[in-house]
Amino acid sequence: QVQLVESGGGEVQPGGSLRLSCAASGNIFSINRMGWYRQAPGKQRELVAMQAIGGSPNYTDSVKGRFTNSRDISQNMVYLQMDNLRPEDTAIYYCYAELRLARLAPDFVQWGRGTQVTVSS
């Protein structure tokens with residue numbers, strides 16, 4: 001069984017910081033891409049940050065320069081450091097991974113259950 005578990009969400013004032021963590025567990029052969037999506041109230045789910053194995057992080061324009069995605073591949077973990085948070089960053093943040101369970105198996109997508117980030121005064 002593969003599971004993604006997020007942590008680190010919470011409520012913060014504008015300008016504050018949070019660090020999200022996502023841990024992938026199970027008998028995972030490889031994780032090809034891993035990163036974060038978010039869904040704000042009344043909005044579509046959108047990509048926040050994504051990083052392929054051997055690649056550099058890719059960010060949506062609205063978070064560029066404020067958020068930093070990093071990963072520990074050996075531990076199947078990914079982190080999202082969020083600085084200078086704004087009210088429009090308020091959303092449920094979901095960990096995302098494209099992974100394989102075996103060498104010749106097809107890729108599949110795994111989602112975390114989400115963690116709430118609220119930015120308000």
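We use all heavy atoms of the structure for the numbers below, so side chains are in, but hydrogens, waters and symmetry mates are not.
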Can you tell whether the side chains of D89 and R86 come within less than 4.0 Å, N to carboxylate O?
no
Under 4.0 Å between a Lys/Arg side-chain N and an Asp/Glu carboxylate O for E6 and R113?
no
On a heavy-atom basis, which atom in [X] and which in [Y] lie closest, and how many Å separate them?
| X | Y | answer |
| --- | --- | --- |
| Y59 | A49 | CD2-CB, 3.7 Å |
| R100 | P106 | CG-O, 4.1 Å |
| I92 | G114 | CG2-CA, 3.8 Å |

About how many Å separate [atom2] of [Y] and [atom1] of [X], when rounded to the nearest 0.5 Å?
| X | Y | atom1 | atom2 | answer |
| --- | --- | --- | --- | --- |
| W36 | L47 | CH2 | CG | 12.5 Å |
| Q3 | C95 | CD | SG | 11.0 Å |
| R33 | M50 | CZ | CE | 5.0 Å |
| L99 | L4 | CG | CG | 7.0 Å |
| Q44 | Q39 | CD | CD | 7.0 Å |
| Q1 | Q110 | CD | CD | 8.5 Å |

Single-linkage hydrophobic cluster, 4.5 Å side-chain cutoff, [X] and [Y] together:
| X | Y | value |
| --- | --- | --- |
| V63 | L18 | yes |
| L80 | I53 | no |
| L20 | L85 | yes |
| I31 | F108 | yes |
| M34 | Y79 | no |

Do the side chains of [Y] and [X] get nearer than 4.5 Å, heavy atoms only?
| X | Y | value |
| --- | --- | --- |
| P87 | S120 | no |
| V2 | I28 | yes |
| T118 | V12 | no |
| Q81 | S17 | yes |
| V5 | S7 | no |

For the pair F67 and Y93, name the ring-plane relationship: parallel under 30°, tilted 30 to 60°, perpendicular over 60°.
tilted
Within the distance-only criterion (no hydrogens, no angle test), does the side chain of R45 pair as donor or acceptor with the backbone N or O of R38 below 3.5 angstrom?
no
Measure from the side-chain N and O atoms of T60 to the backbone N and O of V48, and report whether any donor-acceptor pair falls under 3.5 Å.
no
Evaluate side chain to side chain contact (heavy atoms under 4.5 Å, CB included) for T90 paired with V117, printing each intermediate quantity in order.
CA-CA 5 Å; T90 296; V117 171; 5.9 Å; no
Examine the side chains of S56 and N58 and answer whether a donor and an acceptor come within less than 3.5 Å of each other.
no
Take Y96 and Y37 through the ring-ring contact (aromatic ring centres under 6.0 Å, His included) test and state the conclusion after the steps.
CA-CA 7 Å; Y96 169 99; Y37 284 76; 5.2 Å; yes
